[in-house]
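Below, chains carry the letters A, B, ... as their sequence lines are ordered, and counting in each starts from 1.
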Amino acid sequence: MTHWDALSHVCGKTPYLDDLPFPANGLHVVPFDSPVAHGHVRALDIGAALAVPGVVAILTARDIPGENQIGGIIPDEPLLADHTVEFRGQPLALVVAESNAAATKAAGLIQAEIEALPVCTDPREAAARGDIIGRVRTFEMGDVSAGFASAKHVFSGRAEVGGQEHLYLETQATMAFPTMHDGVRIISSTQGPTAVQRTTARVLGLPMHAIEVEVTRLGGGFGGKEDQATPWAVMVALVAHRFKRPAKLVLDRLRDLRMTGKRHPYQADYQIGLDADLNIVAYQATFFQNAGAHADLSPAVLERTLFHCTNAYRVPNVKAVAMSCKTHVPPNTAFRGFGGPQGMFVMESALCHAAESLGIPTWQLQKKNLLRDGDVFAYGQTVSESQAQTCWDRLESDFQLAKRWQQVEQHNQTSNRYKRGLAVMPICFGISFTKTHMNQGSALLHVYTDGSVLVSTGAVEMGQGVVSKLRAVAASALGVPAERVKIEYTNTTRNANTSPSAASATADLNGKALDLACQRLIDRFRVLLVQDHGGKPQDYHFHEGKVTGPNGFEMTFDALALHAHFQRVSLSEQAFYSPHGLHFDLEKEKGHPFAYHVYGAALVETTLDSMLGTYSLDRVSVVHDLGRSLVPIVDQGQLEGGLVQGLGWMTCEEVAYDESGRLRSHALSTYKVPDLYAAPKEIELICLESNHSYAIRGSKAVGEPPLMYGIGGYFALRHAIRAQQKGPLAFHAPMTPERALLALHTPVREPAPQSVTNAP
Amino acid sequence: MIQFYLNDQRVETDAAPATPLLDFIRTHRDLVGTKAGCREGDCGACCVLLGYLDPQSKHVSYQSITSCLFPLGNVHGTHVVTVEGLQEIAPNPVQTAMVTRGATQCGFCTPGFVMSWMAFALGDGALTGQAAEQAIDGNICRCTGYQSLKQVAQDLTAELNRSLGQRDLSGLVSACWVPAYFRDIPGQLAAIPAVSAGSGSGRFLAGGTDLLVQIPEQIQEESVVLVHRQPGKRSIREQGDSLWVDGSATVTDLLNSPCFDWIPNWTDQLRLISSTPIRNIATVAGNLANASPIGDLSILFLAMDAEISVGIHEPDERRFPLADFFLDYKKLLLNPGERIWGLTIPKGDSRFQFLKVSKRTYLDIASVNSAMRIWLKDNHIQRVALAAGGVAPVPLYLRETSRFLEGKKPDAQIFEQALAIANREIAPISDVRGSAEYKRLLLTQQLKVHFETLFRDEEVAV
């Protein structure tokens, strides 16, 4: 089975938002954004802009009929800034024009008079001033003080990890149409249609039923369109509602880059304690998350940093503190891994620090401390069905870890210029929205009288292949060929109050709901069949597009559908699914937040040119706990794509703001994602077929976990650098060629990691 | 009036010549299969085929180009093919391989990949897996991680080698790689009257790869002089004891020219410059005129000790060392109305190397680039040309370092002194491409690599 949409994609027939027909009388919207990162807005001179031929209006905060508020978790973000701006790129006004060219030109003519205020882009500085969004969170288990006191070795230091631009190839895009009864119909390139609907209703002062949101598909999302597709959709809805004309907004790439948030950069302090046998006895970390100017999803991202701060390791005594620090950059947001990768990076830094100090390979320390069933996570959930050890063992046996390590060490003894590096990255990633209530999915199933099947769920297709998986579920459950199943666009009038397509949980939640809907319909058909033809319900089997039953009964599915219709039996079904047993107590910071965990381990090998600081990723060998894959080609693509995105985050992708809050990595010419040659030369995959009942038909969630294998890229490069440079070396990702060369050839001036060895 | 063929349709338009081809395709013709990803040539989602008719052979040669940067006026007399232009045979082998290998996820970048590989299939280069991968060096995919795309590259190579009895248009048509209407295109293009390039007045506009990034709206409102030329008119040739490189030569022309066979790994070095679809349209004159302190070709030709020919009406009104051309940041020794006609490069027994380090090795702008050419005689350095980018407001000819090395017998001590002189000649600044400290270190390291490589036979320890 291939991607359902693949043929359409390769023929160029898949319509993305900017490809949809748009009426000639439609209005084009271009936002005017703040040129200053922090300041009081004194005046907005729109005279010259209004004079541009084709400009219809320029809307500001005063033109908002409802509430000027788009904050999802915390109501702290206006749609259009009014008196104060808090990041460069914050929308201040909307230029509405008859053409995109006119709107763009006019936006360039608006003059904002802004009294500049001090700008802060550093999370530690913000924290020191008390500029915290939400509350400081602390996950604690055991007694860290006692743990450190009992440790033979204690190492402490700092780690820092950069942000990451989503770089979905399709920029933020949306259009809106006025509908009857004062409503608005929105088409949005969003991962969260319900968030768009809810926020639009709030800003326009309308009930949610007045707002219809449809999502055709996304040209990539990666978390960047979970919450941050919303403002643009609300803007066009505002324009369509006010002028009673269609409205469209497609951000150009430069605006998209400077106006939207990214993966959160983090700074952290860590301390790790090991006993004489090198078991981890205590781990303490403080995370300073660079949240940006508004809350957005930062508090939820922060939480997942804590959930994953010990990665795949058994740590009896843990204290992890984390805070969202308010800075004057665009609000940072969801990005594949959702804070988990940053937590893991710090843990891996602590382990690497310990191993380098002790003079042993980091992988020996990692291996010794892998999670086992019965261990407890700092958040109270007990480890069960852990695959950490299994994955590691396969990595050692099938990919010959020890031998490859030897080869790398030997190579580095003899090669002056080219140094090789190797690192292992084990992962353990929790599957479920950590906001327990969001773990719900719904499916609407229609069988038409010709037997063709139409499915609608809350799932949004953004390239992750969820429609291919849903199609496989329905085809299998109804016993019909996949060609008879169509997955409909996502629409809030068919599936209401949906969770966003995020947290790797989309196929599980919506797929399980779909499975239920199919089962109910089959049950109803069976009742009818028993009435007509006797036997017991379970005697009737649905497969290969037909129903077979007792005494050689056989009927096509299509004929059965028509027959049921004539018997006045409903051919439609709606089902709702929520995994039971999930809970989390926000006061105690304990509970059972995850339906299950996904495990894996990756071996990353690199070659570094120590003369020039450049490098190549030679090979990545992965053992991944996939479960029983529903559509293997989809899952393999998620594995490889997530891995390479993670490697990009750790190597060439560097988000940079200057001190005035201006995005220096402002275009694709200054922000580099992996190309064909920056990706690993070779990727080897072994997929484990473990099982878990919470996973849709045993096919485990795969969207986010592989990204974290990329962290191994940083440590493999660090290993290569260590072949030449043994002095202090800060834990600071990404390892750009610049950082690599400076590490190789100049003394480090960043605070060096410290280590203490307790006297025995 | 601009006339050309867009897929199987003849187009006649009076749209502004500097209109990006992409906008014409999407907005004027509603062919939305070609995508706008970045509008600066850095993603390849807008790739289309551009076919030029060779009037003698009646053969149309196709290349991939980034339509977001290519001025519409340049397509007069050509065949432009978008993904819709493959519809009557879809899915063709390229498309089928991408489906089979799962090499498309969100699909937004996909038509660009398809068209880049169509250029590979239609081209006359080597049919190797490596060449098939090079064909997509200008295409970014954010979803797949490229492994499936690499498999497609192998599949296509195997399929082309297997299925094509004859590698020509009729072979490709009968094997369903391209639609049958391609057969009619040479005759149809021949019927389009030629227009003379370089007429009119205003700003010179060639491949568009700088100007359509820098002033995309403004240039559409200006009057421009189109100086992009058909492949046959972009000469790189030997001329006595020197080489002549026409200003309108593209980077691809340089890459394919036998005139540079004396440089080992010449093609590998040129592949560090932009990407296939950009190299197909970006010109020598454009790179020099842009005057970027980090311009790859500027550095490369400075270190070849090239002379530049400028003039209003003809090439040799003024000819002087390229090293004198760059006056200050974006300031050139070029009078109003003068254009860059070409470069004269001294031949002779010498060694040359171009180095470039950027955040990403390919399709990136350098943090620091450098090039060095040496002439050796009797174990002595007879002549040196050394240039570096990213270390000064201009592409810098390292005059003092070059002069210092001349006449010297190469040894470690001499190189050590040369490094010290080079470090005095440069003044890098911190920017998004690296800190001043990094650029200084990086140039030192590059110079060491130049010394090691170019004096390898002399066995000089550096």
TODO: Side chain from CB out, backbone as N, CA, C, O: work out which of these in A:Thr104 comes under 4.5 Å of a heavy atom of chain B, or both, or neither.
DONE: side chain
Task: Options B:Val357, B:Ile136, B:Thr361, ranked by heavy-atom pairs under 4.5 Å with chain A, top entry - done: B:Val357
Task: Heavy-atom donor-acceptor pair, B:Gln154 side chain to B:Gln151 backbone, under 3.5 Å - done: no
Task: Atom group of B:Ile140 that falls short of 4.5 Å from chain A, counting heavy atoms - done: both
Task: Shortest non-hydrogen contact from B:Leu156 toward B:Trp117 - done: CD1-CG, 3.5 Å
Open item on the list: Using a 4.5 angstrom heavy-atom cutoff, name the option from B:Asn92, B:Val83, B:Val99, B:Thr82 with the most pairs to chain A.
Closed with: B:Val99
Open item on the list: Can you confirm whether more than 12 heavy atoms, excluding those of B:Gln130, are under 6.0 Å from its CD atom?
Closed with: no
TODO: Go through B:Gln87, B:Arg39, B:Glu217, B:Gln446 and name the one with the most non-hydrogen pairs under 4.5 angstrom from chain A.
DONE: B:Gln87
Open item on the list: Looking at A:Arg619, I'd like to know if its CZ atom is crowded, meaning that more than 12 non-hydrogen atoms belonging to other residues, nucleotides or ligands lie closer than 6.0 Å.
Closed with: yes
Open item on the list: Could you check whether A:Ser660 and A:Asp658, counting side-chain N and O atoms only, form a donor-acceptor pair closer than 3.5 Å?
Closed with: yes
Open item on the list: Can you confirm whether B:Thr34 sits close enough to B:Leu31 that some side-chain heavy atom of one is under 4.5 Å from a side-chain heavy atom of the other?
Closed with: no
Task: Where B:Cys106 and A:Gly219 come nearest, the two heavy atoms and their spacing - done: SG-C, 3.4 Å
- [ ] Examine whether an atom of B:Gln134 lies under 4.5 Å from a heavy atom of chain A, and if so say whether it belongs to the side chain, the backbone or both; otherwise answer neither.
- [x] both
- [ ] Give the member of B:Met98, B:Lys150, B:Arg101 that has the highest number of heavy-atom pairs under 4.5 Å with chain A.
- [x] B:Lys150
Open item on the list: Is the shortest side-chain heavy-atom distance between A:Glu165 and A:Glu653 below 4.5 Å?
Closed with: no
- [ ] Identify which of B:Gly434, B:Ala90, B:Gly41 forms the greatest number of heavy-atom pairs closer than 4.5 Å to chain A.
- [x] B:Gly434
Open item on the list: Quick check on A:Asp19 against chain B: is it the side chain, the backbone, both or neither that has a heavy atom closer than 4.5 Å?
Closed with: both
TODO: Output the option from A:Glu170, A:Met462, A:His3 having the highest count of non-hydrogen pairs under 4.5 Å with chain B.
DONE: A:Glu170
Task: Residue, of A:His666, A:Arg417, A:Gln636, that accumulates the most heavy atom pairs under 4.5 Å with chain B - done: A:Arg417
- [ ] Go through the atoms of B:Ser367 and report whether side chain, backbone, both or neither lie under 4.5 Å from a heavy atom of chain A.
- [x] neither
- [ ] Could you look at A:Leu218 and say if it's the side chain, the backbone, both or neither that has a heavy atom under 4.5 Å from chain B?
- [x] backbone
Task: Best-contacting candidate, A:Leu639, A:Asp609, A:Asp18, A:Asp252, against chain B by heavy atom pairs under 4.5 angstrom - done: A:Asp18
Open item on the list: For chain B, which candidate among A:Thr614, A:Val644, A:Thr736, A:Leu612 shows the most heavy-atom pairs at distances under 4.5 Å?
Closed with: A:Leu612
TODO: Find out whether B:Leu49 and B:Met115 are in side-chain contact, i.e. whether some heavy atom of one side chain is under 4.5 Å from a heavy atom of the other.
DONE: yes
